[in-house]
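Remarks on the structure that follows.
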Amino acid sequence: IGLAGVCQSLGDERGERDALDKAAKIGANYPEVWFQRARFFERKEDMAAAVSAYRHLVQLRPDDPVANNNLAYALLVTGNDVQTALEKAQKANESLPGNSSVLHTVGMAQLRRGDLEQSHTNLGLALEMRPGDPTLLLDYGKALVALDRPDEGKQHVRMATRYADQLGLD
């Protein structure tokens, strides 16, 4: 894992990947290996591989709220298994109630399931904690549009775009 970190800091993606692959073979039962692999795949936008790594991590640490939340979010990004995503996010919320990242994930899973009022509530709570977060603004805007409040929703989407531009995000 240490070598993967050094490679990452040097911008050596191939070296980082090789080190993480080797760590997975040697330390298949070490949660940190799977967490680092999942984060690597997220940075490379290979969410299917990230889901696989997070699933392995959750098998090793089934009660870890960060692992459960990250698996849930990755499942939502890939468009897979909304029910499992909601269950994992709710499990994370039991251990980390009021955490903005977890509330965001719970709210997105609820939105995808059609639980619009609950989604609006949870995304709103998360947004109160992180008011300038472009992703939260965008997702909250989507919830408002789904609740047939398109003008408010579009306003949040515009704010998300403006803040993302100001932060230099795509």
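As a basis for the values below, the full set of heavy atoms in this structure was taken, side chains included, without hydrogen atoms, waters or symmetry mates.
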Exercise. Let me see the working for Asp18 and Lys22 under salt bridge (charged side-chain N to carboxylate O under 4.0 Å, His left out), right down to the final yes or no.
Key: CA-CA 6 Å; Asp18 290 345; Lys22 187 173 184 178; over 6 Å; no
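- Of the charged side-chain nitrogens involved, at least one lies within less than 4.0 Å of a carboxylate oxygen, so that Glu16 and Arg43 count as a salt-bridged pair.
- The side-chain hydrogen bond (donor to acceptor under 3.5 Å, both in side chains) test applied to Asn99 returns no partner, not counting sequence neighbours.
- Membership of the apolar cluster around Met129 extends to Leu103, Leu125, as traced through chained side-chain contacts below 4.5 Å between ILVMFWY residues.
- The side-chain hydrogen bond (donor to acceptor under 3.5 Å, both in side chains) search around Lys91 returns Asp63, not counting sequence neighbours.
- Gln36 pairs by the side-chain hydrogen bond (donor to acceptor under 3.5 Å, both in side chains) definition with Glu32, not counting sequence neighbours.
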Self-check item: side chain to side chain donor-acceptor pair (under 3.5 Å) between Gln90 and Glu94, intermediate numbers included
Solution: CA-CA 6 Å; Gln90 287 173 329; Glu94 291 170 9; over 6 Å; no
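- Identified under the ring-ring contact (aromatic ring centres under 6.0 Å, His included) test for residues 127-155, with sequence neighbours left out: His120-Tyr140, Tyr140-His156.
- A salt bridge links Asp139 with Lys142; the closest basic N to acidic carboxylate O contact falls under 4.0 Å.
- Under the salt bridge (Lys or Arg N to Asp or Glu O under 4.0 Å) criterion, Arg158 pairs with no residue, sequence neighbours left out.
- For the ring-ring contact (aromatic ring centres under 6.0 Å, His included) condition, the pairs that include at least one residue of residues 19-53, sequence neighbours left out, are Trp34-His56.
- Scored by the salt bridge (Lys or Arg N to Asp or Glu O under 4.0 Å) test, Glu13 finds Lys44 as partners (sequence neighbours excluded).
- In the hydrophobic cluster analysis, where Ile, Leu, Val, Met, Phe, Trp and Tyr join through side-chain heavy atoms closer than 4.5 angstrom, Leu75 is grouped together with Leu60.
- Heavy atoms only, all atoms of each residue included: Leu57 and Ala67 are closest at CD2-CB, 3.6 Å.
- Residues satisfying the ring pair (Phe, Tyr, Trp, His ring centres under 6.0 Å) test with Tyr73, not counting sequence neighbours, are His104.
- With sequence neighbours excluded, no residue forms a salt bridge (Lys or Arg N to Asp or Glu O under 4.0 Å) with Arg55.
- Applying the salt bridge (Lys or Arg N to Asp or Glu O under 4.0 Å) test to Asp12 and every residue at least two apart in sequence or in another chain returns nothing.
- For Arg162, there are no side-chain hydrogen bond (donor to acceptor under 3.5 Å, both in side chains) partners at least two apart in sequence or on another chain.
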